[in-house]
Enquirer: 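For reference, the structure I am asking about is given below.
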Amino acid sequence: MIECMIAAPRSGGGKTVMTCALLAALRQRGMNPCAFKCGPDYIDPMFHRAVLGLESHNLDLFLASADTVRTLYARYGAGHGAAVCEGVMGFYDGLGGTTDRASAWHLADTLDLPVLLVLRPKGASLTLAATVRGLQAFRPQSHLAGILLNDCKPMLYQTLAPMLERETGLPVLGYLPPMEEASFASRHLGLYTAGEITDLQARVKALGIQAQKTLDLDRIRALCSRPERPPQPDTVPVPHRTRIAVARDEAFCFCYAETLDALRDAGAEPVFFSPLRDHALPGNCAGLYLPGGYPELHARALSENAVLRETIGRLVRAGLPTVAECGGYLYLGQALEDTAGTFWPMAGVLPGQGIRTGHLVRFGYAELTAHADSLLLRTEESLPIHAFHYWDSTQNGTACTAHKPQSGRSWDCGFATPTLFASFAHLYWAGTSRLARRFVAAAQHYEREQGACLHPQN
């Protein structure tokens, strides 16, 4: 089995493009690869999924323990011929930007992964070797095993490859040339999502064909081979699964695949619906999960789907167990400002309006501590979270306190009751399994007491 991480000295070096190219080439060779993403990012795994036609999984050493990360890696890597993990930011950049905790290096060290370092030789040549030497020496075990050049013309590769091998001792395993036809555009939350790129499959195919030509896949295979992982035990059958409605469309697309599995492991059946297009919740659902995404880009359409918006507001106020994260939190507010500055009515469950700020708000990792018992947390319980949003609310709530472990900054946030948990925090459910158990237990109680058929699909 091939196992490796694709990392880089900094963001913007081409990790996602190189990861997708390698995945596409391995798939074209029939190696049945799977993909992982280091850190909390939602968008890069969408590109992995577009390449492979199956879920990519996040591995985050702030949001989950080392043992949990190892278990998740084994679970989702089992049965595949290759596992490629895309790194995050610069190789050693971790918590707060001043530690290596939860960095790409930290994950490679935890999983003992060989690392293929992506270099972009724009305006540098020998200095690239100095950069690699610094990365090699920065920790006693760097796990750096090879070099890949991105956005590199063939003649330049012929010059740089032997120099880099001589100066660093690492094999140079190929390159990708400049490929405008395979580039991925960006915006305020990172890359455009895979679903928004109309010719994505053509771009992916082009990357795979190019990788077959200019990446040394045989050397990569020899360098990164590991023993086959044993198959995971079958899940225990659940006699009855409680259905939980999960928002999924262009406005609500930030949901970890592992979160859905955590809900399944706890006895739920996630059932997808679109707040943009559907006029009713799925039938027989006893819980509601509103993940993050881009509701601000679809505020008018969400508001104009008044039948569903008002139904959700009524059911949540009446006690339907509900979790809303970031974009879902904005949807439950009174109104949401769109990119043109127009405010559109939302579900009206929470006080406050969603407003555009023009900058990142309370960005990064934090610890969330509850002030009282609620749907997901008990008094003084804490859990790790991640925040990343350009829109804010005029009322952020006071149910919890968020604390940034490096800077010491803290703020109150969130609304929480026995049947509701809503905040800007992105939760990593697979890292804190009690969240799913409590949510599903509340849904099961609702199902028994109220009857899930109260809101059948029209």
Side-chain angles (χ1 to χ4, degrees), residues 1-29 31 33 35 38 82-93 104-105 107-109 112-139 141-179 182-183 206-226:
M1 179 180 183
I2 294 174
E3 297 184 44
C4 66
M5 172 182 283
I6 303 296
R10 61 178 180 84
S11 293
K15 293 187 298 290
T16 302
V17 168
M18 189 64 75
T19 299
C20 288
L22 181 57
L23 289 170
L26 293 172
R27 186 178 186 225
Q28 289 168 10
R29 285 203 172 188
M31 296 198 66
C38 175
V84 180
C85 179
E86 180 180 344
V88 60
M89 299 178 65
F91 186 43
Y92 290 105
D93 298 332
W105 173 82
L107 182 62
D109 193 58
D112 192 26
L113 293 178
V115 176
L116 305 183
L117 187 70
V118 179
L119 299 178
R120 192 174 220 152
K122 289 289 186 180
S125 53
L126 184 60
T127 302
L128 295 171
T131 299
V132 175
R133 290 282 293 274
L135 292 170
Q136 288 174 302
F138 194 68
R139 289 291 182 266
Q141 174 58 275
S142 72
H143 300 278
L144 294 175
I147 296 171
L148 298 168
L149 297 182
N150 182 45
D151 203 16
C152 180
K153 294 181 179 180
M155 290 298 292
L156 182 58
Y157 179 78
Q158 297 303 319
T159 300
L160 293 180
M163 176 274 290
L164 288 167
E165 291 190 342
R166 181 180 68 250
E167 294 289 347
T168 69
L170 294 177
V172 180
L173 302 167
Y175 70 98
L176 290 178
M179 298 179 66
S183 62
L207 283 172
I209 291 171
Q210 185 62 50
Q212 294 272 19
K213 296 176 181 177
T214 55
L215 298 187
D216 193 337
L217 297 177
D218 291 333
R219 289 180 74 194
I220 290 173
R221 182 174 189 171
L223 188 67
C224 301
S225 288
R226 295 290 189 272

Enquirer: For residues Val118 and Gly13, report the shortest heavy-atom separation together with the two atoms involved.
Expert: CG1-O, 3.6 Å
Enquirer: With a 4.5 Å heavy-atom cut-off, do Leu116 and Cys224 have their side chains touching?
Expert: yes
Enquirer: Pairs in or reaching into residues 123-139: which pass salt bridge (charged side-chain N to carboxylate O under 4.0 Å, His left out), with residues at least two apart or in two chains?
Expert: Asp100-Arg139
Enquirer: Just jot down the side-chain hydrogen bond (donor to acceptor under 3.5 Å, both in side chains) partners of Thr214, sequence neighbours excluded, or say none.
Expert: Gln210
Enquirer: Suppose the criterion is side chain to side chain donor-acceptor pair (under 3.5 Å): which pairs have a residue in residues 2-15, not counting sequence neighbours?
Expert: Glu3-Tyr73, Glu3-Arg229
Enquirer: May I ask you to test the Cys38-Trp105 pair for a side-chain heavy-atom distance under 4.5 Å?
Expert: no
Enquirer: Which pair of heavy atoms, one from Leu176 and one from Ala21, lies closest together, and at what distance?
Expert: CD1-CB, 3.8 Å
Enquirer: Working to the nearest 0.5 angstrom, can you tell me the gap between Ile147 CD1 and Thr168 OG1?
Expert: 4.0 Å
Enquirer: When you compare the side chain of Arg29 with that of Gln212, does any pair of heavy atoms fall below 4.5 Å?
Expert: yes
Enquirer: Please examine the side chains of Ser142 and Leu135, heavy atoms only from C-beta on, and report whether any two atoms are closer than 4.5 Å.
Expert: no
Enquirer: May I have all residue pairs that pass salt bridge (charged side-chain N to carboxylate O under 4.0 Å, His left out) and include part of residues 116-128, sequence neighbours excluded?
Expert: Arg120-Asp151, Lys122-Asp151
Enquirer: Start with the C-alpha distance between Cys4 and Leu22, add both sets of side-chain angles, then the distance that settles side-chain contact (heavy atoms from CB on, under 4.5 Å), and finish with yes or no.
Expert: CA-CA 11 Å; Cys4 66; Leu22 181 57; 4.1 Å; yes
Enquirer: Could you pull out all residues at least two apart from Asp109 that satisfy side-chain hydrogen bond (donor to acceptor under 3.5 Å, both in side chains)?
Expert: His143
Enquirer: Atom CZ in Arg221, atom CG in Leu26: separation rounded to 0.5 Å?
Expert: 9.0 Å
Enquirer: Please give me the minimum heavy-atom distance between Cys85 and Leu107, naming the atom from each residue.
Expert: SG-CD2, 3.6 Å
Enquirer: Does the side chain of Leu128 reach to within under 4.5 Å of the side chain of Glu167, using non-hydrogen atoms?
Expert: no
Enquirer: Quick one: CG on Leu160 to CG on Leu126, what's the gap to the nearest 0.5 Å?
Expert: 10.0 Å
Enquirer: Would you say Thr131's side chain and Thr127's backbone share a donor-acceptor pair under 3.5 angstrom?
Expert: yes
Enquirer: Between Ile6 and Leu148, is a side-chain contact (heavy atoms from CB on, under 4.5 Å) present by the stated rule, with each step listed?
Expert: CA-CA 9 Å; Ile6 303 296; Leu148 298 168; 4.1 Å; yes
Enquirer: A side-chain contact here means heavy atoms from C-beta on lying under 4.5 Å apart; do Leu149 and Leu156 qualify?
Expert: no
Enquirer: Please give me the minimum heavy-atom distance between Pro9 and Leu119, naming the atom from each residue.
Expert: CG-CD2, 3.6 Å
Enquirer: Within a strict 4.5 Å, meaning less than it, do heavy atoms of the Val132 and Gln136 side chains meet?
Expert: yes
Enquirer: Which heavy atom of Leu170 sits nearest to which heavy atom of Ala145, and what is that distance?
Expert: CD2-C, 4.0 Å
Enquirer: Sequence neighbours left out, what pairs pass ring-ring contact (aromatic ring centres under 6.0 Å, His included) with at least one residue falling in residues 152-177?
Expert: Tyr157-Tyr175
Enquirer: Can you tell me how far CG of Asp216 sits from CG of Leu223, rounded to the nearest 0.5 angstrom?
Expert: 10.0 Å
Enquirer: I need the minimum non-hydrogen distance between Val172 and Arg219, along with the two atoms involved.
Expert: O-NH1, 3.5 Å
Enquirer: Look up atom OG1 in Thr19 and atom CE in Met5, then write down how far apart they are to the nearest 0.5 Å.
Expert: 9.5 Å
